[in-house]
Amino acid sequence: MSKTGYYGNWGGAFVPEILHETFRKLGVAFIEAKADPDFWPRYVELMGSYSCRPTPLTFAENLSRRFGGAKIFIKREDLNHTGAHKANNVMGQGLLVQRMGKTRVIAETGAGQHGVATATMAAKFGFDCTIYMGEEDVQRQRPNVFWMEKLGATVVPVASGSRTLKDAINEAFRDWVANMDCTHYVMGTVCGPHPFPEMVAWFQKIIGDEARRQILAIHGKLPARIYACVGGGSNAVGIFQGFLADNGVELAGVEAGGKGLASGLHAARLAGSDASPGVAQGYKTMFLQDEDGQMLDTHSVAAGLDYIGVSPILVDLWEQGRVRFSAATDDEVMAALQLTIRSEGIIPALESAHAFVQAFKEVGDLPPEEAIIINQSGRGDKDIFTIADAFSDPSWREFIRNKGEEYADGARQESD
Amino acid sequence: MSKTGYYGNWGGAFVPEILHETFRKLGVAFIEAKADPDFWPRYVELMGSYSCRPTPLTFAENLSRRFGGAKIFIKREDLNHTGAHKANNVMGQGLLVQRMGKTRVIAETGAGQHGVATATMAAKFGFDCTIYMGEEDVQRQRPNVFWMEKLGATVVPVASGSRTLKDAINEAFRDWVANMDCTHYVMGTVCGPHPFPEMVAWFQKIIGDEARRQILAIHGKLPARIYACVGGGSNAVGIFQGFLADNGVELAGVEAGGKGLASGLHAARLAGSDASPGVAQGYKTMFLQDEDGQMLDTHSVAAGLDYIGVSPILVDLWEQGRVRFSAATDDEVMAALQLTIRSEGIIPALESAHAFVQAFKEVGDLPPEEAIIINQSGRGDKDIFTIADAFSDPSWREFIRNKGEEYADGARQESD
Amino acid sequence: MTLTMSLSQDIKQVRKSKEILLMTHLVLGYPSFGINRQVITQMVDQGVDIIELQIPFSEPIADGPVILKANHEAINHGVRVGQCLEFAAEMAAQHQIPLLLMTYYNILFRYGVEDFLEQTKENSIRGLIIPDLPPEEGGQYLAACRRLELAPIQIFAPTSGKARMATLAAHGAGFIYCVARRGVTGSPTSFDENFNDYIKRCRQATALPLAVGFGISNRQDVDLLRGKADIAVIGSATIRLVDQQGPEAVGPFIAGLR
Amino acid sequence: MTLTMSLSQDIKQVRKSKEILLMTHLVLGYPSFGINRQVITQMVDQGVDIIELQIPFSEPIADGPVILKANHEAINHGVRVGQCLEFAAEMAAQHQIPLLLMTYYNILFRYGVEDFLEQTKENSIRGLIIPDLPPEEGGQYLAACRRLELAPIQIFAPTSGKARMATLAAHGAGFIYCVARRGVTGSPTSFDENFNDYIKRCRQATALPLAVGFGISNRQDVDLLRGKADIAVIGSATIRLVDQQGPEAVGPFIAGLR
Ligand SMILES: Cc1ncc(COP(=O)(O)O)c(C=O)c1O
Ligand SMILES: Cc1ncc(COP(=O)(O)O)c(C=O)c1O
């Protein structure tokens, strides 16, 4: 890092003065935790006994055969407790919160995955918990809201702005500036002001540590390429870290191409040319914004990739040429999802399916003695409403209609 | 076993002659697999690389503190790929099907969990797959039907009888007697004709093997008691096997008490006195049946426990006094579920929550230096429709109603 | 048919005068005992040689949709095992052809196997078909049948090998019920080369008469069995007929079969 | 107020004749530039001493619901940064009190920090408040402000320690904006013992005038600040007023504050 909290030209900590001290203390706590020889082993132990780390590296034999190129391995973050890599970061931050003696956590959530993970962590550690979620996402991801509430969290629908992830982040900051004495803000990805990107990256590197060990053990050598979807960038940075020093390993980030880069309805910051440098939500990165610096609306079939900014760590690696970026369209994602489900009996999250798209496009070009790893950041069954919608599944629709009528009848009877 | 396929007085193989040869060959294949020194390691490797075995043994610190008795450990079968212990059995049978050279699998399913697991296995192994599911269960468990279909399976709603699990089993047998040359019937639990109980128990013993090793490593000695819910009995037999020889370890099976044993609306075969010996679905066990031997309707909030019969292995262990049985009512289950979610951030399946009920009732009586294990057979997020119904969650109802209207509007527009 | 000798002897006796015998089937209490009576009378009048009376069971694993539905509806209308036994006794008293009980093992098991068989004998029923009771599981049943001179009809299937057929034949009496094909009752069977080989294998395995069932529903099917089997079994076809056209249709249907 | 000296000197000058100064705030283009004009005229007429003109930004992280909504609506109605700068120039030409720009850093960053500040200077704006730009990140901004003699208003918070206040004060000019409490703009503040200690700490840390903002909405609040702070900042209160009672209500409201 050239300057504290910077990755090349990116990152920093653009925070209101009221949070200066909070960030200072957080930075100190994080440095102390990193220096504490017991901390990382405790984290690994927690992830092993509460979640199911190490998560497997699955050989996708059928997909490999189909594409006839390199062997395809899938890193199974979907098998984590709560169903995604988000658990790694959240449980790590939970240990840090405990260390700092705080009693309440807040978080933003888009897809709901980070919200569920945070609410879960809060239940386990006995923290109070409030989750900010764009009103539109609350509508789209009701099952996750249900579980957060059952886990004891208060879910606050955010009605401002585009009523999605970025507005939930703003709202979480607004809560934090009021309550930072007792409250920790559990940032969900490798974005936001320093030390968040560094901290989240540190916890998520458990993915890369494991994957490196696993591929060497199974395949006998390093993989040719690694594919990861990029929303904020935490799962990508997590797995990439295991291979950054191995220059022979190509690292590929895949963003949300939405309805196509030309359509404007996407969330591609580094693939394509719609993004520009900016400072918002406390950090400097490439944002999807207009000429004035107002943030744009983004679109993706995957709520977890539907975000204006991207990790400063990744922007730096992209500028260095170490990580390359591409985008997968919604349609490509649905096709890759379908193929993966049928071929391997594995249901990637819509977010993760983006990584599969790019891998499928390219794996055939590699020789069979090579291997690639796709990071499956989460499981797709959380996305049933979105996936069933996208497939326009008629019996699902009928089921929901009947269920809706049943509830309507119930409500009528109660009011009689 | 006193006689082939018998556990004391229970078990056997009451199969139509047309299947005699199929069962003979299956028995031989199973014996050969057991004798093959490579088979079990291959199975363990598959479960490690495709699912996330060994599944963790999680110390439930908050629950332990709350009840103030023995330490509570939770065996996390919910973290398996597809979300339940059913995967163990299914993947094991998949290897056996491969060995036998068959190309198609069929299965019954109640909750849908075994159906999803079988469809998943079929996708991975490249088998054709048909799942039989009671029409009522198809209605109740539409999300699972959706995933089975996406996994490439044909789901056949069974409209006969009580249109639930037992009828799905009958229908699967009817398919099998027509197609046994190419087809294997993947029985979902430790029931049915010999060698199914023995075979399913063998694959599920991976739970007990792991749990024994884990509790000794973590707790330093054997647990005082083990609790498992009992539908057919596969998760219970799976974990109990690790401790059968340890007479100091009490083994407790928990059945579905439904609306109470006195109400008749339950599925308690061994707790309570409503069941009697019988022969149906190919084996001899304790059934919920009337005086003539006609099977009764059963009830449970947990579809996976809602079954007339129970494993002959468990009936024998119960007669021997080695396993004791109790029942948990629907209401107790919802309370235990809620408490577990809030206290530990863990969402047990409704089935699994039955085991938690009995453990919570008793754990306070044990001293703190003892430990108990609860087998969490599956995760509860599959049950969102049932759980949200049971909690009468108003915002969930509203969400479904809106979604239903949205679909209805879509349908109207299409037909315009 | 005179009812003096063993069931197999009786059958062989009749076979001398008929190229092929007819065995029909019905589910007791479906759609009602009254209609069962009408149907049975017509069957006997039209020269049916043996009738299989199925006591309904809630889990009829070997039966296809038609018989399955009949089983469930009978139970749902309250039909009890005791009623079925009484009705069988009434029919046996009234009609001079061999009657058999067909049901699943749990019905006997719950009643008490010995008691059930004694009652069966007392009711003048000649034998039983229990499709989910292989001889390995049926020790008590087989012994009691022997003692009571009831015929425990054994079943051959196309999947039964030579040794297996020998075992089954050794336990059997009355006749052997040869399941014509894979699958459950009620769907058509193609009587092709494979079938002929199968029946040949059956013949070689036993001296008992051979009945062929599963999928026989018209004269053509029956004709194809002439010279191969001793008894043609009409199962779901009559139930379907009664469902669709009422009990009066049974007589003409039977008359047209042979 | 004569506009000849540095902003802080100007403020100190006015303070000689007024026990407390008033600084008000509005969001440019909300609800419209026309209404902004009316509101500003009334503010100036009623003796407001400084006005903060907020250029709307899509992610106003430090603002509460009222200002947040104003930001978003302005942007949704198409308000552009260029228009805001022109409007600010027009107001500065028209009114004889110091005007400040308030916005978030990205607005400057996208425009080009130097260009933005030069334009600001040219428009006769006296200083800027950028709540998400701590001095550690604002090197270029601070240097350009110094060069252009613009006041880069620094912010103290109750959580700022002694050393931190010293650092901030060293970078600041014009006055120090003391955030009265934790939280965002727009909700009430209780001016208790803790607050008095806090203001004492602020005083000790700097010779610059102190403005106190966040949650000041009536005469009572302003009175409590007399003798403690130099400037009382009225933020969300006027926006709320205009929303609810229209721009005419602003004059009487301001008149009643002091
Ligand atoms: C399953 C899954 N994958 C990926 C992402 C994107 O986040 P990131 O890029 O930080 O990994 C999310 C965010 O919600 C997610 O839920
Ligand atoms: C999660 C879960 N637990 C338990 C059961 C009950 O089955 P068994 O008793 O065979 O473990 C089921 C059956 O579907 C299940 O899905």
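Atoms CD and CD1, from A:Glu45 and B:Ile218 in turn, are 7.5 Å apart once rounded to the nearest 0.5 Å. Atom-to-atom distance recorded for A:Ile400:CD1 and B:Arg142:CZ is 10.0 Å, nearest 0.5 angstrom. Put simply, CG on B:Asp78 and NE2 on A:His81 are 7.0 Å apart, with the number rounded to the nearest 0.5 Å. Between the CH2 atom in B:Trp147 and the CD1 atom in A:Ile347 there is a gap of 4.5 Å [rounded to 0.5 Å]. Going from atom CZ of A:Phe146 over to atom CD1 of B:Ile384 covers 5.5 Å, rounded to the nearest 0.5 Å.
Applying the 6.0 Å contact sphere to CZ of A:Arg104 captures more than 12 heavy atoms from other residues, nucleotides or ligands.
With a threshold of 4.5 angstrom between heavy atoms, B:Phe59 approaches chain A through N, CA, C or O but not through any side-chain atom. Of the atoms belonging to A:Glu149, heavy atoms from both backbone and side chain fall under 4.5 Å from chain B. Using a 4.5 Å cut-off between heavy atoms, A:Arg342 touches chain B through backbone and side chain atoms alike. Only the backbone of B:Ser343 comes within contact range of chain A, with heavy atoms under 4.5 Å apart. With a threshold of 4.5 angstrom between heavy atoms, A:Thr82 does not approach chain B through any atom at all. If you measure heavy-atom distances from A:Tyr50 to chain B, the contacts under 4.5 Å come from both the backbone and the side chain. Looking at B:Ile341, the atoms closer than 4.5 Å to chain A (heavy atoms on both sides) sit in the backbone and in the side chain alike. With a 4.5 angstrom heavy-atom cutoff, B:Ile346 touches chain A via backbone and side-chain atoms both.
Interface check for chain A: of the options B:Val116, B:Asn402, B:Ile387, the most heavy-atom pairs under 4.5 Å are formed by B:Ile387. Interface check for chain B: of the options A:Leu151, A:Val145, A:Thr55, A:Thr120, the most heavy-atom pairs under 4.5 Å are formed by A:Leu151. Heavy-atom pairs under 4.5 Å with chain B were tallied for A:Gln338, A:Glu406, A:Arg76; the largest tally goes to A:Arg76. Taking chain A as the reference chain and counting heavy-atom pairs below 4.5 Å, the highest number among B:Ala122, B:Gly48, B:Ser395, B:Gly83 is found for B:Ser395. Most heavy-atom pairs under 4.5 Å with chain B, from the set A:Glu61, A:Glu344, A:Gln214: that is A:Glu344.
The nearest pair of heavy atoms linking B:Phe399 to A:Gln139 is CE1-O, 3.2 Å. A:Cys52 approaches B:Leu79 most closely through the heavy-atom pair CB-CD1, 3.8 Å. Across every non-hydrogen atom of B:Pro56 and A:Ser51, the tightest pair is CG-O, 3.0 Å.
Within the 3.5 Å criterion, the main-chain N or O of A:Thr58 finds no donor-acceptor partner in the side chain of B:Ser49. A donor-acceptor contact shorter than 3.5 Å links the side chain of B:Asn62 to the backbone of A:Lys124.
In this structure, A:Pro143 and B:Trp396 have side chains that are in contact, with non-hydrogen atoms separated by less than 4.5 Å. The shortest side-chain heavy-atom distance between B:Tyr407 and A:Glu398 does not fall under the 4.5 Å cut-off.
Taking 4.0 Å as the cut-off between side-chain N and carboxylate O, B:Lys403 and A:Asp389 count as a salt-bridged pair. Using a cut-off of 4.0 Å between Lys/Arg side-chain N and Asp/Glu carboxylate O, B:Arg379 and A:Asp381 are scored as salt-bridged.
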